[in-house]
Amino acid sequence: MKIPADLLARPAQESVRRLALGQLERATAARQQLVEGDREEALHDFRVALRRLRSLLRSHRSAFAIAFPKKALRRLAALARHTNPGRDAEVQLAWLLSFAAELRPTERPGHRALTRELAERRDECYRQVEREIVRDFAGIAESLGARLVTYRVTVDLEHPEQPQSFAAATREALAGGASEFLDKLAQIQTVADESSGHAARIAAKRLRYLIEPVAPWIAAASPPIELLKSLQDLLGELHDGQLLAAQVAQALGEIEAKRAQRLIADTLDGPHLLDGSGKAPQVAPPLRRRERAGLIAIAKRLGARRSELFRSLAETWLGESAAKRQELVAALAELDLSLAAPPRRPATRPRRATREARTPKAASHKR
């Protein structure tokens, strides 16, 4: 889908549809890559295109009326949701592997066991979502594309009105998106506010996706984009650490439950007694004890990293006087002024959004 040079000045209905069709085309191309066997690159491209498409439609839903097929939208949301567990496992694996060499020999079995479990989960999730994308997405894209590519305009000759421009629609959506984001950010009070942190990260991502389409035309769009990216990285790593901590806690719980079962069995029957088959009861393998040591070492690292990340978040973003928060508010105000009188042609040639990191590093969790 060609993006015209005067996109900001064109009617919002047209510009939003053009941008949405562009993301739909990228997602369709990624699906074709999956069919041809290019898995890793294709899944990344598909996730990014799908997120941008859904965010675009959500942010501008009040700018125009469009009769989207509800079933197609539900299936689109389900596809996006199903890609999350595999991506979460992928990021957690990257963090685990970043310090594997630093562990003591007694801690490595637990690290290996958790790494193996996450790798299996990642692969199974990706296999499932690949099947769903190949099977379902072509029909969804066809249905959605047919609704996006054409639209009707009703003109009242007695009271003609100029249609809202894409710049004006973006400005209006930005006001709501910024307010929502700042409200979510203000709800984070302590490191234990996991759901509030996750909600603020989602709001930051949606706000960034709302700004990015105007960046080729308006230089004032770049500062808030970079600030929101840095906050997403911070909140994203906190969230990923929380998910991994839950996995570690579950694994430790399973080990302790089996240990308790063995202690009860030994107390009731005695370790010297024979079982029903005439054989001595099996003793827990030493590996379980070593796995426990490794999981505890991982939990300690997670706790230290969590405290470090939240301290950075509190110092730079939380509270109305926080430096990064003030910087973002000022940058959004500057962007608002620029959108009030946008240029008709881009300062640079419109280009595709910068590719996001396929496998985020421990300290860089881009979405």
More than 12 heavy atoms from other groups under 6.0 Å of CD on Glu102:
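Yes - once you tally the heavy atoms of other residues, nucleotides and ligands closer than 6.0 Å, there are more than 12.
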Does a sphere of radius 6.0 Å around CD in Glu142 hold more than 12 heavy atoms from other residues, nucleotides or ligands, not counting ones at 6.0 Å or beyond?
no
Identify whether the distance between the nearest side-chain nitrogen and carboxylate oxygen of Arg104 and Glu107 falls below 4.0 Å.
yes
Would you call Arg305 and Glu308 a salt bridge, using N to O less than 4.0 angstrom?
yes
Got a sec, which residues hit salt bridge (charged side-chain N to carboxylate O under 4.0 Å, His left out) with Arg116, two or more places apart in sequence or on another chain?
none
Would you call the rings of His239 and His198 parallel, tilted or perpendicular, where under 30° means parallel and over 60° means perpendicular?
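If you compare the ring of His239 with that of His198, the planes turn out parallel.
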Applying the side chain to side chain contact (heavy atoms under 4.5 Å, CB included) test to Pro224, which of Leu210, Leu207, Leu174, Leu328 qualifies?
Leu328
Quick one: does any side-chain atom of [X] pair with a main-chain N or O of [Y] as donor and acceptor, under 3.5 Å?
X: Ser196; Y: Asp193; value: no
X: Arg306; Y: Val191; value: yes
X: Arg52; Y: Gln23; value: no

Donor-acceptor contacts, no H, no angles, side chain residues 334-343, under 3.5 Å, sequence neighbours left out:
residue, atom, partner, partner atom, Å
Asp336, OD1, Arg171, NE, 2.7
Asp336, OD2, Arg171, NE, 3.4
Asp336, OD2, Arg171, NH2, 3.1
Ser338, OG, Glu334, O, 3.2

Can you see whether Thr83 engages Arg47 through a side-chain donor-acceptor pair at a distance of less than 3.5 angstrom?
yes
Applying side-chain hydrogen bond (donor to acceptor under 3.5 Å, both in side chains), name anything that partners Glu117, two or more places apart in sequence or on another chain.
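Here the qualifying residues are Arg121.
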